Number of protein chains: 2
Amino acid sequence: MVSIKDIARKAGVSISTVSYALNGSPKVKEETSNKILSVAKELNYVPNAAARMLKTRETKIIGAFLTGFEGSFYGQLLQGMKEVLNKRGYDLVVCSGSQSHRLLPERMIDGAIVLDASFSSEELLQYADRGHKLVVLDRELNHPNVNQVLLDNKAGAMLAVEYLLEEGFRKIYVVSGPQGSFDSNQRLLAARQTVERNQPIPPDETGQPIELIEMEGNFDKASGEAAAERIIREYTEPVDVFCLNDEMAVGLYNAVKESPYVIGEHIHVIGFDNMELSQFVQPRLATIDYSKRKWGALAAEQFLKVIAGEPVEHERIYVTLVKAESVRSRPSV
Amino acid sequence: MVSIKDIARKAGVSISTVSYALNGSPKVKEETSNKILSVAKELNYVPNAAARMLKTRETKIIGAFLTGFEGSFYGQLLQGMKEVLNKRGYDLVVCSGSQSHRLLPERMIDGAIVLDASFSSEELLQYADRGHKLVVLDRELNHPNVNQVLLDNKAGAMLAVEYLLEEGFRKIYVVSGPQGSFDSNQRLLAARQTVERNQPIPPDETGQPIELIEMEGNFDKASGEAAAERIIREYTEPVDVFCLNDEMAVGLYNAVKESPYVIGEHIHVIGFDNMELSQFVQPRLATIDYSKRKWGALAAEQFLKVIAGEPVEHERIYVTLVKAESVRSRPSV
DNA sequence: TTGTATGCGTTATCAT
DNA sequence: ATGATAACGCATACAA
């Protein structure tokens, strides 16, 4: 391995001069600098990251931690992060699994953007306490070294439920994500509130109250299928279903396809995330949309601010309703 | 930052004893070791990766380089790699973009698995020459430090074309990937050969020869749409289309939907990759399937062998034909 | 069984 | 403008 020492020897200067030249310091004479640079190129010199890290205490790498690599969902999010970070001289690496947590405390990365249930909040706070910089996308965490960029789950769930309620059905299923999921919990809470707020005040001419049935899912297709089975079993009249993400809604589609019932006619479904697949399923899935790219880009920007020591306020990503035939066969608009 | 020096001081031993104890050396007395370990825990000691790297010259991290993060395609591939690597004490990080290439020469990672057009083969060979270990998934590269795990593109393209030819149409479009893509080039070559081999020897009772029309695409939806426009414009009788990946086939679907023609009836389409979306489009897309997870897992295994200095032979991932209504409205099986 | 001393490749301080 | 040297945190050969 060729080091600055080799360059120094070959160029007939000292290692400190080499270091200065390599880092473009104005202190070194242009002639010397050129000589050094050409020797470096000739020897195929590449700086050693470990040594530099040891001195400077930074790697210019930041890690994006995800619960899993699967799910087309992440592509745009990561792209958004990368664009912002690269522009500022940082590299992005994507990590998953608890084994990779070590990268942060061992200082192999300068910080982390976290959308990863495999981190407990206690663990993250511990890192923050030790001075590591974080942006979290999947929880609320208040600490000077941590910034939040969260989806507006409440607005999304409200939009979704109100869209369903327009249909006038009295029975609405909510298929939630796993217990530990912040996004799921927020959406569920908002769904409950929205139903409550729209409950006819009894006694009332519209009669029957709205029934909200909660089913715990896992944000994967299998739990959507499981939910569908129960819904089909209990079917007596048209019902609404709010799947707390699109993935489960697609699972539900698959199961309903095997039944006598029809999505958008008997079973009215809305999801959350607007993943690519949702526009291709038949009928098109109504859902809650938001810009994944913008989410990633904003997270990265916030991260850079945290690193720079600027005081940063938490941010929110806004969401919109995507109407579609899965709720209403002939969408009004 | 707490270092072994701090532990040594607090535990009343020397730093080398601390180092030994931390690394579980049998040389240190259990009593001393316990003492040291407890002090380390108490001080929240975390080893510094940079310092360890500087000495040991390894990071236990390997990088997977992808052309881009977008495309649901990669999830299973990465999952396959990760499972194998984690089991062997390695961490996987995913990188994209030419800026991140530095991670390899700067020795921030112990090696790389490459499925990334942003690397030129010259660049990779240079790394290999300097002792870096590589597995390539998207090109042929022969070097002691490089192993290949490639798709059996030729078999796939042959299966696809022969399936199309069974229909008996005389006009077959091939929508290729970008010029530089190894997979695209291999598939295209095999498609040509298969058509040639199936050409009726003139003069012949079947009459007309098979016409193969090549169109350059880009492996994205937009190029699928562009291809569709030309195909629609030229339409006179039922035709076959071999999209060299599913992504483009989906783009083609979108454009054909706006036309009077129907997939599977006028325009007979097959793709390559069997991505998740392909089973949801209407009609289901015929395609070439292979196990992405196995591909990743095998790549990781080969990588570990290369690292271990074992002599490794190149590997091949086998593919299968997925018949569907996009080619034949009533599939025979 | 434990301690001393050296070096990994770099940056950066202080002389010159 | 350049050189000598210390320091970063750790592993390890060698000494005790």
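Every chain is numbered from 1, with letters handed out A, B, ... down the list of sequences. None of the values given here were measured: they were computed from a predicted structure.
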Q: For A:S19 and C:dT11, is the shortest distance between a side-chain N/O and OP1 or OP2 below 4.0 Å?
A: yes
Q: What nucleotide, of C:dT2, C:dT10, D:dA11, holds the atom closest to the side chain of A:Y45?
A: C:dT10
Q: Quick check on DNA chain C: between A:K55 and B:G12, whose nearest nucleotide comes earlier from the 5' end?
A: B:G12
Q: For the pair made of NZ in A:K5 and C1' in D:dT5, what is the distance, rounded to whole Å?
A: 12 Å
Q: Is A:E58 salt-bridged to A:R52, going by a charged N under 4.0 Å from an acidic O?
A: no
Q: Expressed as a whole number of angstroms, how long is the span from A:M108:CE to D:dC8:C1'?
A: 16 Å
Q: Reading DNA chain D from 5' onward, which residue's closest nucleotide shows up sooner: A:L54 or B:I15?
A: A:L54
Q: What's the closest nucleotide to the A:R57 side chain, out of C:dA12, D:dA1, D:dC8?
A: D:dC8
Q: Mind checking if A:S3 touches a base, just sugar-phosphate, or nothing, with heavy atoms under 4.0 Å?
A: sugar-phosphate
Q: What's the closest nucleotide to the B:K29 side chain, out of D:dT12, D:dA4, C:dT2?
A: C:dT2
Q: Using the ring of A:Y290 (Phe, Tyr or Trp, six-membered ring only), decide whether A:K292 places NZ or CZ under 6.0 Å from its centre and within 45 degrees of its axis.
A: yes
Q: I want to verify a distance call: between D:dC8, C:dT4, D:dG3, whose nearest atom is closest to the B:S14 side chain?
A: C:dT4
Q: OP1 or OP2 of C:dG3 versus the side-chain N and O atoms of B:T17: is any pair under 4.0 Å?
A: yes
Q: At less than 4.0 Å, is any side-chain N or O atom of A:N48 found next to OP1 or OP2 of C:dC8? Yes or no.
A: no
Q: Output the rounded distance in Å from CG (B:L22) to C1' (D:dA11).
A: 11 Å
Q: Whole angstroms only, please: what is the CG-C1' distance between B:D6 and D:dG9?
A: 10 Å
Q: How close or far is atom P of D:dG9 from atom CD of A:E58, stated in whole angstroms?
A: 15 Å
Q: Taking everything shown except A:K35 itself, do over 12 heavy atoms lie less than 6.0 Å from its NZ?
A: no
Q: With respect to the side chain of B:K27, which nucleotide from D:dC14, C:dA12, C:dT10 is positioned closest?
A: D:dC14
Q: For a quick check, tell me whether the side chain of A:Y20 and the base of C:dT13 share a donor-acceptor pair closer than 3.5 Å.
A: yes
Q: Filter on salt bridge (Lys or Arg N to Asp or Glu O under 4.0 Å), then keep only pairs touching residues 107-120 of chain B, sequence neighbours left out; what's left?
A: none
Q: Confirm from the modelled atom types if B:S16 and C:dT4 form a donor-acceptor pair under 3.5 Å, side chain to base only.
A: yes
Q: Could you state the atom-to-atom distance from CE of B:M53 to P of D:dC10 in whole Å?
A: 14 Å
Q: So A:M1, base contact, sugar-phosphate only, or nothing? Heavy-atom distance under 4.0 Å.
A: sugar-phosphate
Q: Listed by chain and number, what are the salt bridge (Lys or Arg N to Asp or Glu O under 4.0 Å) partners of B:D152, not counting sequence neighbours?
A: B:R316
Q: Looking only at the side chain of B:T32 (C-beta and beyond, no hydrogens), which of the listed nucleotides D:dT12, C:dT2, C:dT10 gets closest?
A: C:dT2
